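Quick caveat: nothing in here was measured; it's all calculated off a predicted structure. Hydrogens, waters and symmetry mates are skipped; everything else that's a heavy atom, side chains included, is used.
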Amino acid sequence: MEKYDPKKIEPKWQKRWEEDKSFCADDNSTKKKYYCLIEFPYPSGDGMHVGHIRSNTAMDIIARKRRMEGYEVLYPIGWDAFGLPTENYAIKTKTQPAIVTKKNTDNFRKQLKSLGFSFDWSREVNTTDPTYYKWTQWIFLQMYKKGLAYKAKMPINWCLSCKIGLANEEVVNGRCERCGGPTDRREKSQWMLAITKYADRLIDDLKDVDFLEKIKTLEKNWIGRSEGHEVKFSICNSQFSIDVFTTRLDTIYGATYLVLSPEHTLIKNIESEIENLEAVREYQQNARCKTEIERTEADREKTGVELKGIKAINPANGKKIPVWISDYVIATYGTGAIMAVPAHDDRDREFAEKFGLPIIDVIEPMVTKIGGDDKFRNEEKTSERRAVVAIIKHWSEDKYLAAKWLKTGWQGFVIGGIESGEEIGEAGIREIVEETGYMNPKFVKKLGGTIHARFWQSVKNENRVAHFEPALFELIDGAIKEPTEEEKKLHQFSWLTKEEMCAFITHDDMAIAWNRVYEGQCKPNPECERSGILINSEACNGLTTREATGKLEELPEIKPKTTFKLRDWVFSRQRYWGEPIPVIQCLLCGEMPVGEDELPVTLPPVDNYMPTDSGESPLANIEEWVNTICPSCGGPAKRETDTMPNWAGSSWYWLRYTDAHNEEKFADTNKLQAWTPVDWYNGGMEHVTLHLLYARFWNKFLYDEGLVPTVEPFIKRTTHGMVLAENGVKMSKSKGNVVNPDSLVEAFGADSVRLYEMFMGPFDQEIAWNTSSIAGVRRFIERLWKLQEKIDLKSEVEMPDDTRVLIEQTIKKVGEDIEEMKFNTAISTLMILVNKLEKLQTMPKHEFEKLVLIVSPFIPHVGEELWSRLGNKDYTHKELWPVFDTSKLETNNIIISVQVNGKFRATLSAKRGDSEQIVRDKACMSENVYKWISGKEIMKVIYVKDKLINILTQ
RNA sequence: GGGCCAGUGGCGGAAUUGGUAUACGCGCAACACUUAAAAUGUUGUCCGCUAUGCGGUUGCGGGUUCGACUCCCGCCUGGCCCACCA
């Protein structure tokens, strides 16, 4: 037998596949289609990364399995080649980006081919190819026509070192996502895409796709839909008004001031009325100069300036309230203005406390007992009462008095009714002395607002609506008078530390009170703090949050409104290496789209790729390119010099794969119909909020235009974990820890590299690379290879029963694991089978062939080679995926484990389906078991059929 | 601060309607083959002990159960994403 030599067999099969166009998808096939997609790579100068190989192999396995299941599979590949690294390289080396890109894609292509991926190379696309970006520009023009692409002067994120505008998505913690440098905000005229018009659908349509739940959650949170109200506050003595967005309309009576973002447009309109205009301007100026990093620093102290002379009118109660500006209000979210409710919003409270603004409690947190003996009984009589919750501090230690009600089991604090006309402190002291016997309590302070509780007061046999007023008391000394016998029967008292108290408290109302002493350490049900009863709210007093919201909605100044965190997509880049935006500025006609027949607007060669200091693209310096004629009047005009962002080309590439060489359309309708939507799209988690959202947006737009057949582009989306360097950090060229797949293929062969990438750990988790472990999978391949020697070509030998069962089980498990992307366990199952087969002297050919077929998607070169050596003429991927025989999945001889009192003591052999009695008798006869049960009475026997018996003795 | 996830040998990791924890692989050790080494093969490899047996062990502490890596409650640690979003 020949030695296993990947250097010989891998190029051989790769060549045959290519010559036979084995993996070219047939548009006209009558088979069911299956579209597998991976995120097309950015061809960087560093060459391919072992991470690329991991996700490509995973989809390759699925694509190959689908072919064996009888599908016509499309598994295409291309290059997402526009981008900053190439441009930066061009700036440094004065090489044309197109030439760099060519070199890099050639290298990537060679690397991918060396790994035996079953890509359809006939459909290769490249986003930087004018025949491709012609259609990127064309789609842009369609959006332009529908008003979805528009130019706007607006503050944008500006990277100080890249000198380009960035989308919000490209700013991470105030820093440029690409270079890590600081960013600030600048007013620039930018092209925008109105993705927010699709915000609702981008959320709602998620219900119809098979994405991992975490992906859906991430997208939803990113879009950030928030239901609330827009409230119009008119300004005294002015025609202007301020719209604010709030999700807590019910707190409007507590809105004691308004806050505008420093950039708010109203300020300009009412300048003449502002008495301290200088100070306001200075604040605006400061806010503008602050970089995004400074603005997003956590726990930054609140700043702001009042617009003196300006008062807004609260539409709920007609009160005049001051208007401030502060950078804690974000210009681009909601309306860029808020009504501040310091009593019920932490940020507003911080601001109000700093600037001495009034704080009015308008919500009593409500605690309604909904379960247990003290559940509020709607049908019974109800009485209402004010009561003080006395939190009593020890005279010398940091301990507090805990009270337990002996009749009900409630645990909390001393509580006493407040008589009419009585002060809280007064009532508390009276109650403390009465109930606890401590003679010298002192009132310290009130603790926040009232807590509204509704419960069944079993002692009094009635419902109670209680308004609890938490207050802090301190004992001056330990002087105590023995309480009466009657009191002793009611309560039991103890001194507890803060931590002990948290554990002691049994009810949410007490927990809320305690939280005001020991901030946030006790955790009441958060629902209690959110929903409550209105107070200090005039007509709404006594209503619940929900009722009040409904009532307030009737006011003409208030209307329901939905807001999103998602903003429109900044679509301009002041860079060279991107798709030119196909728009012309005519001196007479203004903004004119380039005619569709003029596309593509191609990139001219330039000498200097450096962006200009004014922030314009290097294209602005190419006069012969910039100067053109107006498509409408024929007069002199200038081309738009901004280019599209990196994300443009990847927002529709899967559509182009269906018809990669079409010169008339971005893709033929029939071919789109034949192949889309993508059945399974795998990619990185990091692309879920950017690329995936953009791609779904473009697809929805094209769907609305009748240009693609489905609303959603991808049926199923999964993610892979990142491959890290051996020490667990990210691989990067600058750290010099990038593992080169070429040397691995050279040393171990492509099949070993593929197999290791799949075996190293769970596919969806990030994992550190470990080159020494490849030896293990290489050994496995060698052992599989050697099994050839044991084949009985005539298939005359019988296989032992348990081995045949194992083969069927392996077929089942491998098939299921591939579907769930549990490649690591699929491979270990295959290893177990090979270990077993090795022990045989000989085995029938047809059984071994099953194994060859199910390993072939993982290690296709070995699969193909073994398959042909067994005398088969066709490729493995043209064979049918083996079907396991359900009747052979299990043997009749089974092992049952025996427990005595839940401890494992023995195992026994039995026949499938044996009755409890048989198993029990066998178990009791076993020496190991007998030892444990002799002399003891058997109380109970638990029998799990065909699995386990548990004998319980006294 | 909010959301999501994870924690199992020296290492990567298996094990889910709750049923023999550590499969599979790496590494390590011993042995065989060899002049030798590599490669290969065989055996062993969670911890403790009075050792053919017994006890303990899945981050920590409780709970439910005949039985818990798995379910529930409370903590600790680590990671990822979002973050002044009204």
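Under the salt bridge (Lys or Arg N to Asp or Glu O under 4.0 Å) criterion, no residue pair touches residues 756-775 of chain A, with sequence neighbours excluded. Pairs of residues two or more places apart, or lying in two chains, that qualify as salt bridge (Lys or Arg N to Asp or Glu O under 4.0 Å) and include a residue from residues 331-346 of chain A are A:Asp345-A:Arg347, A:Asp346-A:Arg349.
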Could you list, one pair per line, each protein nitrogen or oxygen that sits under 3.5 Å from a nitrogen or oxygen of nucleotides 50-56 of chain B, together with the distance?
{"from": "B:G55", "atom 1": "OP1", "to": "A:Arg905", "atom 2": "NH2", "distance (Å)": "3.3"}
{"from": "B:G55", "atom 1": "OP2", "to": "A:Arg905", "atom 2": "NH1", "distance (Å)": "3.1"}
{"from": "B:G56", "atom 1": "OP2", "to": "A:Lys903", "atom 2": "NZ", "distance (Å)": "3.1"}

Sub-3.5 Å pairs of nitrogen or oxygen atoms, protein against nucleotides 30-34 of chain B:
none

Kindly give the atom pairs (protein nitrogen or oxygen, nucleotide nitrogen or oxygen) under 3.5 Å for nucleotides 40-45 of chain B.
{"from": "B:U40", "atom 1": "OP1", "to": "A:Arg779", "atom 2": "NE", "distance (Å)": "3.4"}

Would you give me the side-chain donor-acceptor pairs under 3.5 Å for residues 938-948 of chain A, sequence neighbours excluded?
{"from": "A:Tyr943", "atom 1": "OH", "to": "A:Asp914", "atom 2": "O", "distance (Å)": "3.0"}
{"from": "A:Asp946", "atom 1": "OD1", "to": "A:Gly913", "atom 2": "N", "distance (Å)": "2.9"}

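For A:Thr563, the side chain to side chain contact (heavy atoms under 4.5 Å, CB included) partners two or more places apart in sequence, or in a different chain, are A:Phe245, A:Tyr333, A:Lys561. Taking the salt bridge (charged side-chain N to carboxylate O under 4.0 Å, His left out) definition, one finds that A:Asp817 meets it with A:Lys813, sequence neighbours left out. Every salt bridge (charged side-chain N to carboxylate O under 4.0 Å, His left out) that A:Arg783 has, sequence neighbours left out, goes to A:Glu838. For A:Lys836, the salt bridge (charged side-chain N to carboxylate O under 4.0 Å, His left out) partners at least two apart in sequence or on another chain are A:Asp802.
Contact annotation: side chain of A:Lys302 to base of B:C84, donor-acceptor pair present below 3.5 Å.
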Quick one, give me the B/S/- string for nucleotides 14-20 of chain B, reading 5' to 3', where B means a protein heavy atom under 4.0 Å from the base and S means that only happens at the primed atoms, P, OP1 or OP2. SS---BB
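For the strand RNA chain B, secondary-structure stems (runs of at least three Watson-Crick or G-U pairs, all distances below 3.5 Å) span B:1-7 with B:76-82, B:10-12 with B:24-26, B:27-32 with B:40-45, B:46-49 with B:53-56, B:59-63 with B:71-75.
Between the side chains of A:Asn314 and A:Tyr253, no donor-acceptor pair is found at a separation under 3.5 Å.
In this structure, B:G9 shows a glycosidic angle within 90 degrees of zero, which is the syn conformation.
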